[in-house]
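The structure appears below as structure tokens.
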Amino acid sequence: MTGDQRKIFVTSALPYANGSIHIGHLLEAIQTDIWVRFQKIRGHDCLYLCADDAHGTPIMLSAEQEGVTPETLIARVHAEHQRDYAGFEIGFDNFYTTHSRENREFAETIYTRLNEKGYIKRRTIKQFYDPVKEMFLPDRFIRGECPFCRAQEQYGDSCEACNRTYAPTDLVNPVSSVSGATPIEKESEHYFFNLPEFESVLQDWIRAGRLQPEVANKLDEWFEAGLKEWDISRDTPYFGFEIPGAPGKYFYVWVDAPMGYFASLKNLLDREGLDVAAFIAADSAAEMYHFIGKDIMYFHTLFWPAVLHGSNHRMPTNVFVHGFLTVDGQKMSKSRGTFINARTYLDHLDPEYLRYYFAAKSGGGVDDIDLNLNDFQQRVNADLVGKVVNIASRCAGFINKRFAGQLGAVVHDEGLLEEFVAAGESIAASCEAREYAKAMRGIMALADRANQYIDRHKPWVIAKEDGRDDELQNICSTALNLFRILIIYLKPVLPGLAENSEAFLDIQPLSWDDLSAPLLNHRIKKFKPLLARVEKDKIDAVIEDSKENLLIN
RNA sequence: GGCUAUGUAGCUCAGUUGGUUAGAGCGCAGCAUUCAUAAUGCUGAAGUCGGUGGUUCAAGUCCACCCAUAGCCA
């Protein structure tokens, strides 16, 4: 650990304000939160921003269906999202909304700059229109027969049966899913962002950045196919920000969504009397990272960097792409009860289990991650309760009962303790690279070493022999110090376990700097179970409740 | 349909630029132990590395095709 303090800001993708947070969202939020907590515990200045993505047609229509204003809807969902994330110990520095004053300012100034530089073009296009509802229809609100395989009830952009894509006008017998009317084609003037003009800038950015190889490969494909202009406007009625100087035209939700990262940051910094420019100006020295799912790469690796560059802002330092979550090897399914909402999980299970399990399976790549429920239970119990917490559990009794909670004065095995401290380097490197699975394997290998150490010295035998009190005390104290080091390493993943452990050891919050200073001659508290085991019936209850939610909705 | 990925022991995953008998954890079996939330330690069984062909002295690792899965096609 050096004195070079980095200035970093990090985001998770904005959840859409039209539904609940589910474990798929949490995969990303947990991966991000672990990284942020890791940076903080290492002494860096790191901010974690997120917000609700509150605009677009689906939200407008949902609000209408409920008979409330979109503002009412998104305020309710915002509160719910905040609560759910907090339940999983996601430590946002700010969780804001794209429907905010700050975001409107960003959208307007960025657009105005792009327009002044000639990056915005206008063109009239033909689009499906619902004559009953009197609105243009997004592709997913048009349904019909697939032109290729003739499957019924397919969306306007692609067929779920044969997986092919097409234009909504190709659908056979199209129907508006808003009103049931047959849509008609209608002309409208749209605004386009001239993405192709940024090709060389983006190529440079990609070469300079350190994108994951899979991501770079995908980008190559898009470059080879040729970049296309991006339609950034939508016609009224639309819930969003109106485009300056264009009455009745609104920014497409994906235009102002990433700007929401900045809005959230600005909202936070304004409260603290700090200037957002230090983070977002073209010459900013701060690092900026986006954690996103593989489905929204295009927006974050092409549109967003181009928009930033075109409007005189800095570009992202990197974009970290992860895969999707499957449950027991399959897509999350409402009927199987594996479409698990954050709230449903929290009703029965400790968030730390999921945090650990996701960490144990995150390799830093774009492959999908499977939540295997059986493996989940066994892995969490074996690793966290059986290995890590057990170290404290099996030594604390001796210290408490025989030495009134007082730790020994001498480290019984200096070499082992040094080995634990030294392992921090590679664990930190893995965390930095988001290879949490590797980090967890390293930590569990240390936990094995600690248990072997206890087995080798058999405190329960020494305890029965006269005149060996110092030895007993020092062995148990050493093991507890090994445990303390493991807790430092696990703290970004398991803040709750860390907090319980700090209370048990009766110490201040641990940080990476505490590694090399062992606890000696120190009085600890009575040991209480630091983490309960995962019970099978609780997992079953989550699945059952997830099925029930299906019936209610 | 095109593209980018993924497919390794029952389960979840590692496998660097191709090179001796393919690794780990969980689970399982046996033994030991009883300090600990039936936790721990030791030993062991278990894989024709998705399939078929090919390149090579040598391929889980390279090439072609095929199959399955995920995402993207703005």
Side-chain angles (χ1 to χ4, degrees), chain A residues 139 148-149 157-159 162-167 192-193 195 212-222 224-232 252 254 293-299 301-303 321-326 328-331 357 360-363 365-402 435 437-438 440-445 447-464 472 475-476 479 527-535:
Chain A
D139 293 353
F148 296 101
C149 74
D157 50 355
S158 65
C159 173
C162 70
N163 227 0
R164 269 179 281 215
T165 53
Y166 40 76
F192 291 82
F193 173 63
L195 184 65
Q212 293 142 291
E214 307 93 317
V215 177
N217 288 344
K218 191 64 185 170
L219 285 171
D220 280 343
E221 174 200 337
W222 288 329
E224 277 171 36
L227 300 181
K228 292 181 190 134
E229 293 174 354
W230 181 34
D231 186 350
I232 59 166
Y252 171 45
W254 263 110
K294 60 185 179 180
D295 54 331
I296 55 175
M297 270 171 55
Y298 205 96
F299 297 101
T301 56
L302 296 178
F303 290 143
V321 182
H322 61 79
F324 272 52
L325 180 70
T326 55
D328 283 341
Q330 293 182 286
K331 275 196 225 191
Y357 191 70
K361 302 195 70 167
S362 295
V366 302
D367 0 342
D368 291 348
I369 284 178
D370 185 46
L371 168 58
N372 180 291
L373 295 171
N374 202 31
D375 185 50
F376 167 73
Q377 185 198 357
Q378 293 175 335
R379 187 80 185 272
V380 170
N381 286 341
D383 286 359
L384 297 184
V385 181
K387 289 183 180 182
V388 176
V389 172
N390 189 229
I391 297 164
S393 178
R394 62 196 304 202
C395 292
F398 294 113
I399 295 293
N400 284 319
K401 286 175 202 151
R402 298 284 290 266
E435 293 174 4
K438 200 171 176 184
M440 295 308 111
R441 280 198 299 278
I443 295 168
M444 289 311 138
D448 286 342
R449 299 273 292 140
N451 276 308
Q452 286 159 8
Y453 167 79
I454 296 167
D455 258 67
R456 197 162 58 242
H457 295 289
K458 300 181 175 44
W460 57 92
V461 172
I462 295 175
K464 290 171 189 153
L472 174 65
I475 288 166
C476 290
F527 181 84
K528 284 180 287 191
L530 302 172
L531 185 74
R533 303 172 61 78
V534 185
E535 304 293 347

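As the structure is a computational prediction, the values presented were derived from the model and not from experiment. Every chain is numbered from 1 and lettered A, B, ... according to where its sequence line falls, protein lines coming before strand lines.
The salt bridge (Lys or Arg N to Asp or Glu O under 4.0 Å) check on A:Arg402 picks up A:Asp469, with sequence neighbours excluded. Residues passing the side-chain contact (heavy atoms from CB on, under 4.5 Å) test with A:Ala437 are A:Arg441, sequence neighbours excluded. Annotation: salt bridge (Lys or Arg N to Asp or Glu O under 4.0 Å) contacts of A:Asp367 (sequence neighbours excluded): none. For A:Ala167, the side-chain contact (heavy atoms from CB on, under 4.5 Å) partners two or more places apart in sequence, or in a different chain, are A:Thr169, A:Asp170. Take A:Asp328 and apply the salt bridge (Lys or Arg N to Asp or Glu O under 4.0 Å) test, not counting sequence neighbours, and it matches no residue. Here A:Asp370 pairs with A:Thr326, A:Lys361, A:Asn372 under the side-chain contact (heavy atoms from CB on, under 4.5 Å) rule; sequence neighbours left out. In this structure, A:Lys438 has no side-chain hydrogen bond (donor to acceptor under 3.5 Å, both in side chains) partners at least two apart in sequence or on a different chain. In this structure, the side-chain contact (heavy atoms from CB on, under 4.5 Å) partners of A:Asp295, at least two apart in sequence or on a different chain, are A:Phe324.
Residue A:Lys331 places at least one side-chain N or O closer than 4.0 Å to OP1 or OP2 of B:G71. At the phosphate of B:C13, OP1 or OP2 sits under 4.0 Å from a side-chain N or O atom of A:Lys361.
The main-chain N or O of A:Met297 is found under 3.5 Å from a side-chain atom of A:Thr301 such that the two form a donor-acceptor pair. A donor-acceptor pair under 3.5 Å is formed between the side chain of A:Gln212 and the backbone N or O of A:Val321. With A:Tyr166 contributing its side chain and A:Asp157 its backbone, the two residues share no donor-acceptor pair below 3.5 Å.
Atom C1' of nucleotide B:C72 and atom CG of A:Asp295 are separated by 9 Å, given to the nearest angstrom. Taking atom CD1 on A:Ile369 and atom C1' on B:G71, their separation rounds to 14 Å, with Å as the unit. Atom-to-atom, CG of A:Leu384 to C1' of B:A39 comes out at 13 Å; the value is rounded to the nearest Å. In this entry the distance linking CH2 of A:Trp254 with P of B:C72 reads 11 Å, nearest Å. Between the C1' atom of B:A14 and the CE atom of A:Met440 lies a distance of 16 Å, rounded to the nearest Å. Spacing between atom CE of A:Met444 and atom P of B:A14 amounts to 17 Å, rounded to whole angstrom units. B:G71 atom C1' lies 14 Å from atom CG of A:Asp157, rounded to whole Å. In this structure, A:Asp368 atom CG and B:A68 atom C1' are separated by 14 Å, rounded to whole Å.
A:Arg441 comes within contact range of the sugar-phosphate backbone alone, with a heavy-atom separation under 4.0 Å but no base atom that close. If you check every strand for non-hydrogen atoms under 4.0 Å, A:Gly226 touches a base.
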Report each atom pair, protein N/O against N/O of nucleotides 33-37 of chain B, whose distance is under 3.5 angstrom.
{"unit_1": "B:C35", "atom_1": "O2'", "unit_2": "A:Arg394", "atom_2": "O", "d": "3.2"}
{"unit_1": "B:C35", "atom_1": "O2", "unit_2": "A:Arg394", "atom_2": "O", "d": "3.4"}
{"unit_1": "B:C35", "atom_1": "O2", "unit_2": "A:Arg394", "atom_2": "NE", "d": "3.1"}
{"unit_1": "B:C35", "atom_1": "N3", "unit_2": "A:Arg394", "atom_2": "NE", "d": "3.3"}
{"unit_1": "B:C35", "atom_1": "N3", "unit_2": "A:Arg394", "atom_2": "NH2", "d": "2.7"}
{"unit_1": "B:C35", "atom_1": "N4", "unit_2": "A:Arg394", "atom_2": "NH2", "d": "3.2"}
{"unit_1": "B:A36", "atom_1": "O3'", "unit_2": "A:Ser393", "atom_2": "OG", "d": "3.2"}
{"unit_1": "B:A36", "atom_1": "O2'", "unit_2": "A:Asn390", "atom_2": "ND2", "d": "3.1"}
{"unit_1": "B:A36", "atom_1": "O2'", "unit_2": "A:Ser393", "atom_2": "OG", "d": "2.5"}
{"unit_1": "B:A36", "atom_1": "N3", "unit_2": "A:Asn390", "atom_2": "OD1", "d": "3.4"}
{"unit_1": "B:A36", "atom_1": "N3", "unit_2": "A:Asn390", "atom_2": "ND2", "d": "3.3"}
{"unit_1": "B:U37", "atom_1": "N3", "unit_2": "A:Leu531", "atom_2": "O", "d": "2.6"}
{"unit_1": "B:U37", "atom_1": "O4", "unit_2": "A:Leu530", "atom_2": "N", "d": "3.1"}
{"unit_1": "B:U37", "atom_1": "O4", "unit_2": "A:Leu531", "atom_2": "N", "d": "3.2"}
{"unit_1": "B:U37", "atom_1": "O4", "unit_2": "A:Leu531", "atom_2": "O", "d": "3.0"}

Every protein N/O lying under 3.5 Å from an N/O of nucleotides 42-46 of chain B:
{"unit_1": "B:C42", "atom_1": "OP1", "unit_2": "A:Gln452", "atom_2": "NE2", "d": "3.4"}

Find every protein N or O atom lying less than 3.5 Å from an N or O atom of nucleotides 26-31 of chain B, and list the pairs.
{"unit_1": "B:C26", "atom_1": "O2'", "unit_2": "A:Gln378", "atom_2": "OE1", "d": "3.4"}

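Counting heavy atoms of neighbouring residues, nucleotides and ligands inside a 6.0 Å radius, atom CZ of A:Arg164 exceeds 12 of them.
A salt bridge between A:Arg394 and A:Asp455 is present, with a side-chain N of the basic residue lying under 4.0 Å from a carboxylate O of the acidic one.
Between B:U12, B:G1, B:U4, one nucleotide has an atom nearer to the side chain of A:Thr165 than all others, and that is B:G1.
Closest-nucleotide positions on RNA chain B for A:Asp370 and A:Gly386 were compared, and the one nearer the 5' end corresponds to A:Asp370.
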Checklist line | Base-pairing string, 5' to 3', of RNA chain B - Watson-Crick or wobble, under 3.5 Å, | interstrand | finding: (((((((..((((.....[...)))).(((((.......))))).....(((((..]....)))))))))))).
